[in-house]
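Read the structure below first, then the notes.
Whatever order the structure lists them in is the order used to number ligands and atoms, beginning at 1.
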Amino acid sequence: MLNIVIFGAPGSGKGTQSELLIRKYRLKHVSTGDLLRAEIKSGSELGKVAHQYISRGHLVPDEIVIEMLEDLIKRHSSEKGFIFDGFPRTLSQGKSLNDKLEKNGQTISTVLSLDVDDEELIDRLVKRGQLSGRSDDNEQVIKSRLSVYHEQTEPLKDFYAKQNKLVSIPGKGTVEEVFKSIEEVIDHLKNGQNG
Ligand code: AP5
């Protein structure tokens, strides 16, 4: 079983690399951003609450996101493993994820941290915003998302480094170059599991 956390700032390539990982390793993709955007689109009560936070570049409260995830882990626990994309984003989410996996006899295999500088991140997201229509892809909200990342999410690196799970991946090359670095880490892990 492989449980991968794909970690990084907004625009670092988590979604892009997750797509490639799913294709190659057949894991269950869990993107809390996608789940929340689906709730917003459906017009649900949860979606209405989430929209208030997402449109300002703030994090949706932990209890909402954690509950959403708990359900998903239970429903898909028989699969080959998960890719957690955009979760966890706070220390409390990180601790909760460890607990939930442990309850199902599982653990996080690795945390892949995509490292990209802020200037490149802003550039990527502003460009995407011109095409995507994502309400949080405008310069003002992008800057807020980045400062939230540095204040509330980046400290998780330390949390995972202490558990020897953190692997830094240079995220600034081409999509293929970044994926090659990721593949090396995963294949090494898989060989360790088989050997
Ligand atoms: P979420 O949907 O998770 O968005 P994000 O973290 O801001 O990340 P993005 O999707 O913008 O970027 P990404 O890292 O996936 O990069 P991508 O591959 O798309 O979260 C949105 C919001 O939901 C949050 O702000 C928060 O409000 C809420 N939320 C979500 N999870 C939450 C949680 N756990 N707790 C609380 N709140 C939560 O790539 C970005 C762009 O760059 C694309 O255009 C892509 O084509 C391009 N690109 C990718 N790789 C490269 C490359 N190597 N070179 C050049 N361009 C590249």
Could you tell me the residue and atom name of the protein heavy atom closest to [atom], and the distance to it rounded to 0.1 Å?
atom                    : answer
atom 16 (O) of ligand 1 : Gly13 N, 3.1 Å
atom 3 (O) of ligand 1  : Arg89 NH1, 3.1 Å
atom 26 (C) of ligand 1 : His58 O, 3.6 Å
atom 43 (C) of ligand 1 : Arg128 CD, 4.0 Å
atom 25 (O) of ligand 1 : Arg145 CG, 4.1 Å
atom 10 (O) of ligand 1 : Arg134 NH1, 3.2 Å

Looking at ligand 1, is there an atom of it that comes within less than 4.0 Å of some heavy atom belonging to [X]?
X      : value
Gly57  : no
Ser18  : no
Lys172 : no
Gly173 : yes
Arg37  : yes
Gly11  : yes

Crowded around Lys24 NZ? As in, over 12 foreign heavy atoms under 6.0 Å?
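Yes, enclosed.
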
Would you check whether [X] has a nitrogen or oxygen atom less than 3.5 angstrom from a nitrogen or oxygen atom of ligand 1?
X      : value
Arg124 : yes
Gln93  : yes
Val60  : yes
Tyr53  : no
Asp34  : no

Please classify the [X] to ligand 1 contact at 4.0 Å (heavy-atom distances, strictly less than): side chain, backbone, both or neither.
X      : answer
Pro61  : neither
Val65  : side chain
Thr90  : neither
Leu125 : side chain

Among Leu101, Ile66, Asp62, whose side-chain contact (heavy atoms from CB on, under 4.5 Å) with Ser96 holds?
Ile66

Looking only at heavy atoms, which two atoms of Pro88 and Tyr160 are closest? And how far apart?
CG-OH, 3.2 Å

Gap between atom OG of Ser109 and atom CD1 of Ile186 - 0.5 Å precision
8.0 Å

Cationic N near anionic O, under 4.0 Å, [X] to [Y]:
X      : Y      : value
Lys157 : Glu154 : yes
Lys190 : Asp187 : no
Arg128 : Asp137 : yes

Do His58 and Gln52 come close enough that some side-chain heavy atom pair is under 4.5 Å?
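Side-chain contact under 4.5 Å: no.
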
For the residue pair Tyr149 and Phe7, categorise the inter-ring angle as parallel (less than 30°), tilted (30 to 60°) or perpendicular (more than 60°).
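Tilted: the ring planes of Tyr149 and Phe7 meet at 30° to 60°.
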
